[in-house]
Amino acid sequence: MISLTLPEHELDLEATLFSGQLFRWQRQDDGWLTGYVGTQRLCLRQTESTLELAETDEATVRHFLRLDELALGEQARRWSASDPLFASAWKRQPGLRLLRQDPHECFFSFLCASVAPIARISKMLQAVCEEASGEPLGPFPSLEALLTLRESQLRARGLGFRAERVVAAARKLAEKPDGWLDSLRGKPLAEIESELTPFPGIGRKIADCIALFSLDADAAVPVDTHIWRIAKTHYAPELRDASLTPANYERAASAFQRKFGPYAGWAQQTLFYQQAVK
DNA sequence: GGTAGACCTGCGCCG
DNA sequence: CCTGCCAGGTCTACT
């Protein structure tokens with residue numbers, strides 16, 4: 001087993017894993033948390049400023065948690081100094097990081113996420129895994145396995161109108177070259193959005209979730225109903241009586257990006273958490 | 001460019 | 001116990 005010591009407020013593992021970025025991690029006995037990044041199983045536990053790893057190599061964990069890429073504590077101090085709303089959200093819940101997920105799982109996770117609470121998203125994804133691979137809690141099924149799924153089968157498992165989208169999106173993804181989704185990592189956000197939104201069931205919000213949570217687009221701000229409300233009341237008051245049209249989505253996201261800069265997506269996650277999860 | 005409806009379902013929630 | 005509404009949106013048909 002490996003132990004890492006982290007600076008204070010650099011990571012709150014539990015809050016991070018259950019902040020609605022991903023939906024299939026499990027709480028085990030003794031405080032261990034387990035989940036997959038691609039086919040690799042991770043087993044993590046945090047006690048105060050110590051992070052313990054089991055069954056897992058350190059490099060994989062650092063890459064997944066993005067530990068060496070952003071000194072979150074310092075960044076949060078600067079954001080707190082310039083914004084009272086962020087300051088209060090961070091004070092209540094420091095250490096909320098963004099993770100680097102497997103784009104494949106992230107793609108299908110957020111395809112299932114529209115108008116569903118987190119508990120239901122988890123349940124739907126577990127059903128998808130069980131139907132495609134027989135293992136509800138195993139690694140996320142490959143595209144080949146997902147291609148065997150039928151809409152009727154997924155509807156019977158509670159996916160609702162998302163069932164058709166999952167089947168159609170998998171088919172469309174299969175037409176792309178191998179590794180296409182991974183190759184989007186690091187591309188400009190606008191390019192990622194224009195590549196993803198043609199997929200059935202993927203609009204701008206879900207494209208931004210995939211970009212932010214798995215493709216390193218740190219400035220992406222997925223404007224859901226909660227972030228929209230925060231934008232209207234705090235960062236873009238001129239939108240107070242507006243509705244969430246595509247043009248206003250852009251204005252809201254831009255307001256966050258002006259306020260928080262190239263890592264606006266990270267700030268957004270802390271604000272979102274206070275509003276929607278906790 | 002913007003508005004209105006439809007679309008599945010729930011260890012759901014409130015009255 | 002039951003109706004009605006809401007939940008991390010997207011898409012389509014209209015104005």
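Lettering of chains follows the sequences in order, A, B, ..., and the numbering in each one begins at 1.
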Identify each atom pair where a protein N or O and an N or O of nucleotides 11-15 of chain C are less than 3.5 Å apart, giving names and distance.
| from | atom 1 | to | atom 2 | distance (Å) |
| --- | --- | --- | --- | --- |
| C/dC11 | OP1 | A/Gly201 | N | 2.8 |

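Atoms CH2 (A/Trp228) and C1' (C/dA7) sit 19 Å apart, rounded to a whole Å. If you take CG of A/Asp224 and C1' of C/dG8, they are 4 Å apart, rounded to a whole angstrom. The separation between A/Phe161 atom CZ and B/dG10 atom P is 13 Å, rounded to whole Å. Rounded to whole Å, atom P of B/dG10 lies 11 Å from atom CG of A/Leu159. Rounded to whole Å, atom C1' of C/dG8 lies 13 Å from atom CD of A/Gln21. For the pair A/Glu164 CD and B/dC8 P, the computed distance is 8 Å after rounding to whole Å. The distance from atom CZ of A/Phe110 to atom P of C/dA7 is 18 Å, rounded to the nearest whole Å. Residue A/Arg162 contributes atom CZ, which lies 9 Å from atom C1' of C/dG9 at whole-angstrom precision.
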For this session: Show your working on side-chain hydrogen bond (donor to acceptor under 3.5 Å, both in side chains) between A/Gln269 and A/Ser19 and close with a plain yes or no.
Result: CA-CA 8 Å; A/Gln269 191 67 13; A/Ser19 64; 3.2 Å; yes

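Taking the six-membered ring where the residue is Trp, A/Trp180 and A/Phe199 present tilted rings, their angle falling between 30° and 60°.
Distance check on atom C1': C/dC11 versus B/dC11 gives 32 Å, rounded to whole Å. Rounded to whole Å, the separation between the P atoms of B/dA4 and C/dC6 comes to 15 Å. C/dA13 and B/dT9: their C1' atoms are spaced 25 Å apart (whole Å). C/dA7 sits 15 Å from B/dG15 when the P atoms are compared, rounded to a whole Å. For the C1' atoms, the distance from B/dG2 to C/dG8 is 23 Å, rounded to whole Å. Going from the P atom of B/dG1 to that of B/dG5 covers 24 Å, rounded to whole Å. Comparing C/dC2 with B/dG12, their P atoms are spaced 15 Å from each other, to the whole Å.
Under the 3.5 Å distance criterion, the side-chain polar atoms of A/Arg41 are left unmatched by any main-chain donor or acceptor of A/Thr34. Side-chain N or O atoms of A/Asn248 include none that pairs as donor or acceptor with a backbone N or O of A/Arg251 at under 3.5 Å. In terms of modelled atom types and a separation under 3.5 Å, the side chain of A/Gln21 and the main chain of A/Leu99 share a donor-acceptor contact. A donor-acceptor pair under 3.5 Å is formed between the side chain of A/Arg162 and the backbone N or O of A/Cys112. Side-chain atoms of A/Arg97 come within 3.5 Å of backbone atoms of A/Leu65 as a donor-acceptor pair (strictly under, hydrogens ignored). With A/Asp102 contributing its side chain and A/Val37 its backbone, the two residues share no donor-acceptor pair below 3.5 Å.
By the ring-ring contact (aromatic ring centres under 6.0 Å, His included) test, A/Tyr235 pairs with A/Phe256, A/Phe260, sequence neighbours left out. Take A/Asp57 and apply the side-chain hydrogen bond (donor to acceptor under 3.5 Å, both in side chains) test, not counting sequence neighbours, and it matches A/Thr60.
For the pair A/Tyr263/A/Leu98, no side-chain contact is recorded, criterion being any heavy-atom separation below 4.5 Å from C-beta on.
Across all strands shown, B/dC13 forms a Watson-Crick or G-U wobble pair, both distances under 3.5 Å, with C/dG4. Using N1 to N3 plus N6-O4 or O6-N4 for Watson-Crick, or N1-O2 and O6-N3 for G-U wobble, each under 3.5 Å, C/dC11 pairs with B/dG5.
A heavy atom lying under 4.0 Å from DNA chain B marks the following residues of residues 114-132 of chain A, by number: A/Arg120, A/Lys123. Of the residues in residues 149-158 of chain A, those with a non-hydrogen atom less than 4.0 angstrom from any atom of DNA chain B are A/Arg155, A/Gly158. Less than 4.0 Å separates DNA chain B from at least one heavy atom of each of the following residues of residues 242-272 of chain A: A/Ser243, A/Thr245, A/Ala247.
When the options A/Lys205, A/Lys187, A/Arg204 are evaluated for a salt bridge (Lys or Arg N to Asp or Glu O under 4.0 Å) with A/Glu193, the one that passes is A/Arg204. When the options A/Arg100, A/Arg185, A/Arg66 are evaluated for a salt bridge (Lys or Arg N to Asp or Glu O under 4.0 Å) with A/Asp218, the one that passes is A/Arg66.
Taking the charged nitrogens against the carboxylate oxygens, A/Arg155 and A/Glu164 have no contact shorter than 4.0 Å, which rules out a salt bridge.
Side-chain contact check for A/Glu250 and A/Ser254: at least one donor-acceptor pair (N or O, by modelled atom type) lies under 3.5 Å.
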